[in-house]
Structures are given as structure tokens and as C-alpha cells.
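I have placed the structure first, in the form of C-alpha cells, so that the comments after it can refer back to it.
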Amino acid sequence: MADPDVGGHWFEALADHMGDVYLRYAFTKGTQQEVDSIVSLLDLERGMRVLDVGCGPGRHAHALAERGMTVVGVDISSSFIATAKRDAPPGATFLRADARTLTFEAEFDVCISLCQGAFGLTGGPNAAPIDDPDLDVLAGMARALRPGGKLFLSAFSAYFQMRFLEDSDHFDAASGVNHEHTGVHDADGNILAAELWTTCYTPRELRLMCTAVGLEVLDIWAATPGRYAPNHPSIDQPEFLLHARRPLN
């Protein structure tokens with residue numbers, strides 16, 4: 001049953017089909033390295049409050065809670081939230097919520113959104129051409145931060161996507177959205193034909209978006225899932241890592 005005030009999203013059907021199988025995909029295997037890097041790059045400490053937006057099955061939230069942080073994970077998929085709640089360590093709680101309409105106000109020391117869990121997945125068949133729902137996601141995360149709090153998210157690189165465009169992809173230059181035809185498996189090996197819409201970005205666009213929602217950009221790095229590091233932006237890695245801060249005033 002859908003929670004009140006939670007909008008529908010094309011990804012929900014895919015999440016319901018995959019269930020726990022999502023955690024078998026290769027890109028999910030770098031969780032510990034990614035979290036170690038985040039803790040180091042952002043100087044995170046035990047006791048900090050972290051909001052994980054688009055938390056999926058909770059892999060990053062679990063790892064951060066195991067390091068002594070208090071983590072709230074939100075995701076639009078009720079299936080993923082159920083998985084995240086199972087075996088959740090102390091300090092990790094999970095809520096079904098729409099990242100486009102977050103209601104938190106100055107509650108968190110850190111907000112994260114990784115692996116296009118929310119930011120970057122708001123485009124799709126029902127998105128109006130003039131809408132920018134990723135900006136709504138970013139604004140909600142900015143509001144959720146306490147003054148001085150930090151934001152860390154991954155965004156797919158438009159440069160990389162165009163450089164390595166596959167036959168199953170169609171990149172819309174007007175919107176920056178890549179439309180991919182693929183298939184996803186369930187636990188029994190059944191394949192569901194699927195379409196994915198991923199919005200891709202340049203560092204300049206990320207800076208402009210941060211300015212629009214009142215965030216101060218600290219760094220933008222290039223990265224590959226499972227190999228997060230403070231690399232200078234390039235066209236050779238699939239993601240950009242955005243590190244920003246809510247100003248004190």
C-alpha cells in the first residue's frame with residue numbers, strides 16, 4: 001500500500017521485481033570502500049545524523065550506522081524499504097518517502113544520495129519538458145541540512161555517457177536524459193524488460209544547481225562506483241561526486 005503523499009515513480013516496478021537481487025549487481029559491491037571514502041572526505045564522526053536519500057535496500061545507511069552514525073534512509077520503493085529494515089543495525093531507520101517532496105527541516109549534519117538512488121532518476125516518461133525534478137530533490141536535501149551541514153551525492157557524467165554511448169541507449173541532448181532498454185532479474189532468474197531514464201550532468205550544471213538552492217560547492221570529483229577518491233573531473237569516469245555545504249548564515 002502506498003504511503004500518503006508519496007508520488008508514484010517508474011522505478012518502483014523494477015524495484016519490486018528485483019527485490020534482494022539488486023544487491024547482487026556488481027555496482028553494489030563497493031559499499032565499504034565508498035563509505036570509508038565518504039567518512040574520510042567529509043570528516044564524519046560518530047553520533048552525526050545522516051539522511052540517505054534514495055537509500056535503496058539500505059547498503060550505505062547500514063554501513064554508516066555500523067560506524068556509529070544515526071542514519072535515516074528514505075526511498076520511494078516500499079520493497080527496498082522492507083529490505084533495508086531487515087537486519088538493520090542500531091542507529092539506522094527507514095521511511096518510504098518521495099525524494100522530490102522531502103519535508104525535513106534543518107535536521108541533519110550530512111545528506112547523501114548515491115548511485116542515482118534519487119538524484120538523476122527523476123526524469124522519465126511522465127516528466128514535463130520544463131520541469132527539473134532533480135532540482136526539487138537537491139532543494140529538499142539542502143533544507144534538511146543544518147547550517148554548516150554537508151551534502152554528498154553522485155551524478156552520472158554526461159561526458160562519459162556520450163563518449164561510451166551503447167546501442168541500447170538513446171541520449172536526449174535537450175534534457176540530458178539517457179533512455180536505456182535493458183532487462184532486470186528476480187530471485188528466480190525471471191527477466192523483466194525494463195526502461196531506465198538517467199539524467200546526466202556536467203560539473204558546471206551541478207554548480208549552477210547548488211547556487212539555485214543555496215548550497216556552497218566545496219568540491220566536484222570524478223569517480224567510479226567502488227573506487228571513490230578525490231579525482232579531478234574528467235571524461236573517463238562514469239560519475240561525478242558533488243561535495244557541498246549549507247552556509248552557516
Side-chain angles (χ1 to χ4, degrees), residues 25-45 48 50-54 56 59-60 63-64 67 69 108-123 132 134-135 137-139 141-142 145 148-166 169 171-178 180 196 198-248:
Y25 281 90
F27 69 85
T28 70
K29 303 305 179 184
T31 304
Q32 298 305 320
Q33 190 281 336
E34 292 164 1
V35 170
D36 285 344
S37 294
I38 293 168
V39 170
S40 176
L41 292 169
L42 275 65
D43 296 321
L44 302 191
E45 300 176 354
M48 284 185 167
V50 180
L51 177 64
D52 185 356
V53 179
R59 60 191 182 97
H60 295 104
L64 287 165
R67 287 162 173 77
M69 278 153 263
F108 296 92
D109 302 296
V110 178
C111 289
I112 64 172
S113 183
L114 304 176
C115 295
Q116 290 69 58
F119 187 87
L121 286 187
T122 61
D132 193 350
D134 274 349
L135 193 62
V137 175
L138 193 63
M141 295 177 73
L145 287 170
K150 295 181 179 181
L151 175 139
F152 191 85
L153 62 77
S154 65
F156 209 84
S157 166
Y159 303 140
F160 183 91
Q161 183 61 47
M162 289 303 299
R163 188 178 184 194
F164 299 103
L165 196 68
E166 298 183 0
D169 294 337
F171 185 83
D172 179 26
S175 65
V177 174
N178 187 65
E180 177 186 359
L196 306 177
T198 305
T199 306
C200 307
Y201 288 97
T202 67
R204 181 174 182 272
E205 290 170 322
L206 295 173
R207 290 190 186 95
L208 290 171
M209 292 176 76
C210 283
T211 298
V213 301
L215 290 171
E216 173 191 1
V217 174
L218 300 175
D219 297 285
I220 297 179
W221 299 302
T224 297
R227 297 200 295 274
Y228 284 4
N231 303 309
H232 187 76
S234 74
I235 63 174
D236 301 315
Q237 297 195 64
E239 294 183 343
F240 293 118
L241 300 176
L242 171 63
H243 178 203
R245 175 173 57 199
R246 179 173 176 175
L248 288 170

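Remember, it's a predicted structure, so these values are computed and weren't measured experimentally.
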For [X] and [Y], work out which heavy atoms get closest and say how close.
X	Y	value
Gly214	Pro247	O-CD, 3.1 Å
Phe240	Ala222	CD2-CA, 4.2 Å
Met48	Asp109	CA-OD2, 3.4 Å
Tyr159	Pro203	CE1-CD, 3.7 Å
Phe108	Val50	CD2-C, 3.5 Å
Asp134	Ala118	OD1-O, 4.1 Å

Say you draw a straight line from [atom1] of [X] to [atom2] of [Y]; how long is it, rounded to the nearest 0.5 Å?
X	Y	atom1	atom2	result
Glu45	Met69	CD	CE	9.0 Å
Glu216	Leu248	CD	CG	9.0 Å
Ile112	Leu241	CD1	CG	11.5 Å
Leu44	Arg67	CG	CZ	10.0 Å
Arg204	Met209	CZ	CE	13.0 Å
Arg207	Leu215	CZ	CG	14.0 Å

| message | For a 4.5 angstrom cut-off between non-hydrogen side-chain atoms, does Tyr201 reach Ile220? | response |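 No; the side chains remain at least 4.5 Å from each other.
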| query | Looking at side-chain heavy atoms only, is the closest gap between Phe119 and Leu242 below 4.5 Å? | reply |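 With C-beta onward as the side chain, the pair stays apart.
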| task | Could I get the full list of side chain to side chain donor-acceptor pair (under 3.5 Å) partners for Thr224, not counting sequence neighbours? | result | Gln237
| In chain order, what residues pass the side chain to side chain contact (heavy atoms under 4.5 Å, CB included) check against Asn178, with sequence neighbours excluded? | Gln161, Leu165, Asp169, Phe171, Glu180, Cys200
| query | Would a distance-only check, ignoring hydrogens and angles, find a side-chain to backbone donor-acceptor pair under 3.5 Å from Ser113 to Val53? | reply |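 Checking the backbone N and O of Val53 against the side chain of Ser113, a donor-acceptor pair under 3.5 Å is found.
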| query | Aromatic rings Phe160 and Phe164: how do their planes relate, parallel, tilted or perpendicular, breaks at 30° and 60°? | reply |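 Answer is tilted, since the angle falls between 30° and 60°.
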Exercise answer: donor-acceptor pairs, residues 148-155 side-chain atoms, under 3.5 Å, sequence neighbours excluded:
residue, atom, partner, partner atom, Å
Lys150, NZ, Leu42, O, 3.3
Ser154, OG, Cys115, N, 2.7

